[in-house]
Each structure stands twice: as structure tokens, then as C-alpha cells.
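Below: the structure, in C-alpha cells.
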Amino acid sequence: MSVQVKVPTQLRTLTDGASEVSGTGGDVGSLIKDLDASHPGLGERLLDDSGQLRRFVNVYVNDEDVRFLDGLGTTLPEGAQVSIIPAVAGG
Amino acid sequence: MLKFASHHRRELRIDALFSLPTYVLSIGNEAVTLKHVRGLFCKECGKEYPIAPQHVCEFCFGPLEVGYDYEAIASSISRESIASGPRSMWRYADLLPTPAEGVIDIGAGGTTMRPAPRLAAELGLKKLWIKTDAGNPTHSFKDRVVSVALSVARSFGYEVAACASTGNLANAVAAHAAASGMRSVVFIPSNLETGKVAGTVVFGGDVVPVDGSYDDVNRLCAELSGSRPWAFVNVNVRPYYAEGSKTLAFEVAEKLGWRTPDAMVVPIASGSLFTKMAKGMRELHSVGLTPEPHVQIHGAQAEGCSPVATAFAEGVNEVRPVKPNTIAKSLAIGNPADGYYALGEARSSGGTIESVPEESVAEGMRLLARTEGIFTETAGGVTIAALEQAVRSRAISPDQETVALITGIGLKTIEALGATKTTRTIRPRVEEVDAALGVRGEAV
């Protein structure tokens, strides 16, 4: 599936400054692999040594946090909007 | 600093900011000096960063923390120097990220802490203190963090203060912005209590209700922070913002004659306040102001949003986000960014993280009001209910000197108490008074 991915400022050095990039994948995990192929280094920024999403990385598929869905196994509908957003504190 | 827009400033209207030219995004690139601050460091991987409006490690996405030169602080700070400082939180400026050109101080801090003997007796505690931040300028502890955040933001050159808020933060940002001549743009969940909305709008600035939960609003602000030249107090200037919470710990220790209590009860939303209480207590010791702290720190969450308490009970380190459904809206953060660290602090201190039933929140508010004459908001109700629960389970023993933090005023959340219970209305006649009181069965 081809999807659009919003990239946070912290990762834009890897996307030539682009705030949004295209990627493909049937689920979030395969999308990250695809993004890492086209933007080398992006994978290790998002995933820890065990291949899981880093603790302070939030990934949303169509406004829903993938931790409420199937995590990296969350399927991506065609045209889905994916957002990568660092965790922020609240108040 | 403050150079970025001197000739562009008139173009920086809010409605013009949605199509930003790139020059405004260079805010924060000017060198800023903060007294005794060495820089920022990542709490996860330790990578160091210069002082800048940045909150996340570029490598691992870990949160950034302010790093100080404690040796320099220890050589300049003393109990006497603090006592001769202002009566606000800025008496502890040596332990805060303090801009050389001054701070935005509208009187946050220096709030009341007093013994609570009647509540202590009801709960079976020997010594209980209530520290209440209802007396802050906008009646919650958020004035402390915002005072720091906007002081630093102004030194970076920001002219617009923004935030995602569950209400109290909105009040504090709008007030501090108004008092310092900054513009404010505040994003709130659309279902907030009326008192919190009114208490923001009154200060001017823009208030934007968002159809979603706090976590949705927070996510929106995280996205906006990458493209707007605004100081989002709990996003891009968060490392500085969060430091303001430490002043609650400092005030507790100073009130106790420069020592720490045996136990504290602290509400948990994002977990930031909780972790900063622990950090503040450690700092006081490291700069020679107090003996080594041995304080158990207990966290308080309401059942309808208790992801940190759940992780604590399960003995795991990962905090699974939840969809909040709690009466305590100021604690309704389902994805608490500092939850992981709050767990660590609770466990290492020997404390607990309590999850209290939703129905106990209003009971906690009433109990504190009835016994001590303190009207707290729902978050305070959660704190009192958690205190009660911790005492009942002996997580807090009767002889432990305990401090409960009351972080906001009850007038903002009167909806939580339901219908107001009075006697029936009487005519202004003496003989009708007894009859009216008799309706409630009270002694006359």
C-alpha cells in the first residue's frame, strides 16, 4: 500500500528536509523497512535493538496511535496517513 | 536574541502564521545563557545538546533534561541566600534555568503548607501536611512551570506562547503571556470544565477547542511545533518548563526546616511533576542544603486514566497508553510521556502508585474540605483518595511524616461535586432557621 508519512523535525535530516514522504508497506513494520531503504538510517531511529518501536516514538495511522492497534503489525489501508511524532509531556 | 524579528515583527500576526516564511523558524538559534546551566542531555542515551528550544534527542527520541553545574551552584547557594530572595519560586533561581536578562515572575510559588491534624486524625496518621498551590496566580501549580517556560522562551526570542492543555496549563500560559506582553495560543479538549475555559479566555489570546482528548490535542501541538515559531511550553521548551515543578519540592523542604518528609503523595498525569519532585529533593542534597533524602514518593491516578498505576501494579516498565475516561480531567493523559520515569522514581523511593476509584475523587475533595477547609480540584481529590488508600494498605505507615500535594483549586471543577446541597430556602425569620437546619438533621 502506498501511504503518506509525516516526518518530525528530528528526522528531517534523513529526508532532505522533507516534512512528508511517501512509502509502501502492508503494515507499519514493513513501511518502516521501506522508509529505511529510501532514507537510510531512519529505521534505527525509530526502532530499538530488539526491533520494537522506541519508547518515546509514537506512530499514528489515520490519527490512531498504533499502540492501540496492532503496533508494528498494524495494517495500512491504501492512502493511509501515517504520522511519526515524538512523545511529549503534558499538562 | 530578540533579534530575529525586529524588522519583521509586524508580520507576525497569528492569522499569518499558517503560511510561515522560513526565517521565523530560526528562533532559538541565537546563543542564550542560562545561569548555572551546562546544556541539555538525553535522559535515555546521555547525548548532550546546547541550550536551545529542543525537547527530544535527535538520535533516540528520548526526552531532554536540563543539566546544571552543581559545583558552581553549591558554592553560591545557601539557606541564607534563599531566605533573602523573593517570596516567589524565583528564590530558588540558582536551581532553575534562569535567563540573565530576567524572568517573568507574576508571583508563582511561596504557597501555603500547613499541618492537617484533622485529616491526619481521620486517616490515622500522626503527622500530615498539606501543601496547596491553589494560592498561585492562576490557582494551580502550572504557574510554576509556565513562569520558567516563558522566561526562557522570551530569551530565545519567542513572542507567542502556546500549549496543549487540560485547563490549568491554559490558564497559566494565558496569564503569564498577558503579563509579559506575549501573545498566547492555547489548545484545549473541547469538553473542559467551564471554569478552566473562562479562566483562560479572560486573559486574551486565542483559545482553540479541539474535538478530541488531551492526547489528541497534544499530538496536534507536537505537529505544530515543527512548523510554527511559537514556544509550546510543554513541547519545544519542555525541558525548561518541567524544571519549574522542582520548586514545590524546594518549598516543602524549606518549610520543614531544610529536611525532607518521610513520604509524599503526588498526582500523576504525564508524570513530569512526580519525577521532578524526586529530582528536586536530590538536588537540594547535592548542593548541600539538606541531608540525604529518604522520602517515599507515592503517585496518585484515578481509575479512569491510570496507565502508570497499572504498570506499577503489574511490575512492568512499559506504560501502555489508555483512552482516558475520568472525572479528573487535569490528570486525563492516557499516554504519559514521563510515566516510565515516574515508575522508576516510585519504585526506587519505596513508594507506590495508587489507582483510586472514580467515585472516591469527589469524596476526596469533600474530605479535604470538611476536615481542613481546603477546596481542591479533582486532581486534589485523587491525591487525597490515594493518600487514604495508601494509609489503609500500610504503604504509608501511621508514623511517617507525610506531605500531600494539592495542585489546584476546587472552584475550577465544581461540576465534579454534583448538585449543590443546601438547606431549603427560608424567609428571613429566626423561627425558620431551626426548622431548616432540622431538615438536614444537624445539631443547632
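Just so we're on the same page: letters track the sequence lines, and every chain starts at 1. All figures in this text were calculated on a predicted structure; none of them were measured in a lab.
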**Request:** Side-chain contact test, heavy atoms from C-beta onward, threshold under 4.5 Å: evaluate it for B/Phe61 versus A/Pro8 and give yes or no.
**Result:** yes
**Request:** Check whether B/Pro336 gets within reach of chain A through its side chain, its backbone, both or neither, counting any heavy atom under 4.5 Å.
**Result:** neither
**Message:** I need the minimum non-hydrogen distance between A/Pro86 and B/Val56, along with the two atoms involved.
**Reply:** CB-CG2, 3.6 Å
**Item:** Atom group of B/Phe141 that falls short of 4.5 Å from chain A, counting heavy atoms
**Value:** neither
**Prompt:** Among A/Asp48, A/Val57, A/Leu46, which residue forms the greatest number of heavy-atom pairs with chain B at distances under 4.5 Å?
**Reply:** A/Val57
**Request:** Answer yes or no: is there an ion pair linking B/Glu44 with A/Arg54, defined by an N-O contact shorter than 4.0 Å?
**Result:** no
**Asked** Hey, is NZ on B/Lys43 packed in by over 12 heavy atoms from elsewhere, all under 6.0 Å?
**Response** yes
**Prompt:** Which atoms form the tightest heavy-atom contact between A/Ile85 and B/Ala222, and what is the distance?
**Reply:** CG2-CB, 3.4 Å
**Message:** For the CD atom on B/Glu48, are there more than 12 heavy atoms of other groups (residues, nucleotides or ligands in this structure) within a distance under 6.0 Å?
**Reply:** no
**Message:** Tell me the closest heavy-atom pair linking A/Phe56 and B/Ala337, and the distance in Å.
**Reply:** CE2-O, 3.3 Å
**Asked** Counting a contact as any heavy-atom pair under 4.5 Å apart, which residues of residues 11-30 of chain A contact chain B?
**Response** A/Leu11, A/Arg12
**Prompt:** For chain B, which residues from residues 58-75 of chain A have at least one heavy atom closer than 4.5 Å to it?
**Reply:** A/Asn58, A/Tyr60, A/Asp63, A/Glu64, A/Asp65, A/Arg67, A/Phe68
**Fill in**
If one checks every heavy atom of B/Gln54 against chain A at 4.5 Å, the contacting part turns out to be neither
**Request:** Only counting residues at least two apart or in another chain, list the ones meeting salt bridge (Lys or Arg N to Asp or Glu O under 4.0 Å) with A/Lys6.
**Result:** B/Glu223
**Message:** Is it true that, when you exclude B/Lys47 itself, more than 12 heavy atoms of the residues, nucleotides or ligands shown sit nearer than 6.0 Å to its NZ?
**Reply:** no
**Residues which pass ring pair (Phe, Tyr, Trp, His ring centres under 6.0 Å) with B/Phe232, listed by chain and number, not counting sequence neighbours** = B/Trp230
**Message:** Under 4.5 Å from any heavy atom of chain A, what part of B/Tyr340 do you find: side chain, backbone, both or neither?
**Reply:** side chain
